[in-house]
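Throughout, numbering of the chain's residues begins at 1 and tracks the sequence. Only a predicted model underlies this, so the values are computations on that prediction, with no experimental measurement involved.
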Amino acid sequence: MKAIITVVGTDKVGIIAKVSNYLSLHSINIVDISQTILSGNFVMMMMADFSSSDIDIDSARKELTLEGEKLGVEVNIMAEKVFSAMHRI
């Protein structure tokens, strides 16, 4: 199963490292990643593959939300199917 992970907040050192390290620890593969800085705000979107993961999307959502709070950023995870359905025109 694939999911979309978004991270938004004030830019600082280590955001990508912390999020990608978490994903690696749980065997979650980053399929695609886009990151930019908009007016000092860090914005990242990832497509992640959970097919080999030792946790499910709901557990990752809870844990990454807590990690995001420590970093001062907002982290959201949504199943790819849900994301695609929400953004279909």
Side-chain angles (χ1 to χ4, degrees):
M1 173 176 275
K2 291 186 182 164
I4 305 298
I5 302 172
T6 58
V7 182
V8 179
T10 303
D11 187 32
K12 65 178 73 169
V13 173
I15 298 171
I16 295 173
K18 294 271 188 183
V19 173
S20 60
N21 183 57
Y22 174 88
L23 298 176
S24 175
L25 288 172
H26 293 285
S27 300
I28 301 166
N29 187 43
I30 299 170
V31 177
D32 199 0
I33 183 171
S34 172
Q35 175 267 321
T36 192
I37 308 297
L38 298 171
S39 301
N41 292 303
F42 177 86
V43 180
M44 178 171 66
M45 183 179 290
M46 298 174 149
M47 167 125 3
D49 184 352
F50 279 72
S51 61
S52 298
S53 177
D54 60 358
I55 60 172
D56 59 22
I57 291 174
D58 289 333
S59 297
R61 180 182 302 115
K62 291 174 189 170
E63 292 177 10
L64 276 173
T65 295
L66 295 175
E67 285 299 314
E69 288 173 4
K70 293 177 194 173
L71 289 167
V73 296
E74 183 178 325
V75 181
N76 292 299
I77 303 178
M78 187 179 301
E80 178 188 30
K81 290 178 183 180
V82 174
F83 181 86
S84 295
M86 287 178 57
H87 294 90
R88 191 173 301 146
I89 299 175

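Summarising the geometry, atom CE belonging to Met47 is positioned 10.5 Å from atom CD1 belonging to Ile5; distances are rounded to the nearest 0.5 Å. Annotation: the span from Ile4 atom CD1 to Ile77 atom CD1 amounts to 11.0 Å, rounded to 0.5 Å. Taking CG of Leu64 as the start and CD1 of Ile28 as the end, the distance is 7.0 Å to the nearest 0.5 Å. To the nearest 0.5 Å, atom CD1 of residue Ile16 and atom CD1 of residue Ile33 are 5.0 Å apart. In this structure, Asn76 CG and Met45 CE are separated by 10.0 Å, a value rounded to the nearest 0.5 Å. Taking NZ of Lys18 as the start and CG of Leu71 as the end, the distance is 6.5 Å to the nearest 0.5 Å.
The shortest heavy-atom contact between Ser20 and Ile30 is CB-CD1, 3.9 Å. Here the closest non-hydrogen pair linking Asp58 and Arg61 is OD1-NH1, 2.5 Å. Minimum heavy-atom separation, Met1 to Ile57: SD-CD1, 3.3 Å. Nearest approach of Ser27 to Ser52, heavy atoms of both residues: CB-O, 3.4 Å.
Linking Ile, Leu, Val, Met, Phe, Trp and Tyr residues whenever their side-chain heavy atoms come within less than 4.5 Å leaves Val19 and Val43 in two separate clusters. Under a hydrophobic-cluster definition in which Ile, Leu, Val, Met, Phe, Trp and Tyr are linked whenever side-chain heavy atoms come within less than 4.5 Å, directly or via other members, Val73 and Ile37 are assigned to the same cluster.
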request  = Give the intermediate values and the outcome of side-chain hydrogen bond (donor to acceptor under 3.5 Å, both in side chains) for residues Asn21 and Ser24.
outcome  = CA-CA 5 Å; Asn21 183 57; Ser24 175; 5.3 Å; no
request  = Could you check His26 against Tyr22 for side chain to side chain contact (heavy atoms under 4.5 Å, CB included), going step by step and ending with a plain yes or no?
outcome  = CA-CA 7 Å; His26 293 285; Tyr22 174 88; 3.5 Å; yes
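Phe42 places none of its side-chain heavy atoms less than 4.5 Å from the side chain of Lys12. A 4.5 Å side-chain heavy-atom check between Gln35 and Ile15 finds every atom pair outside the cut-off.
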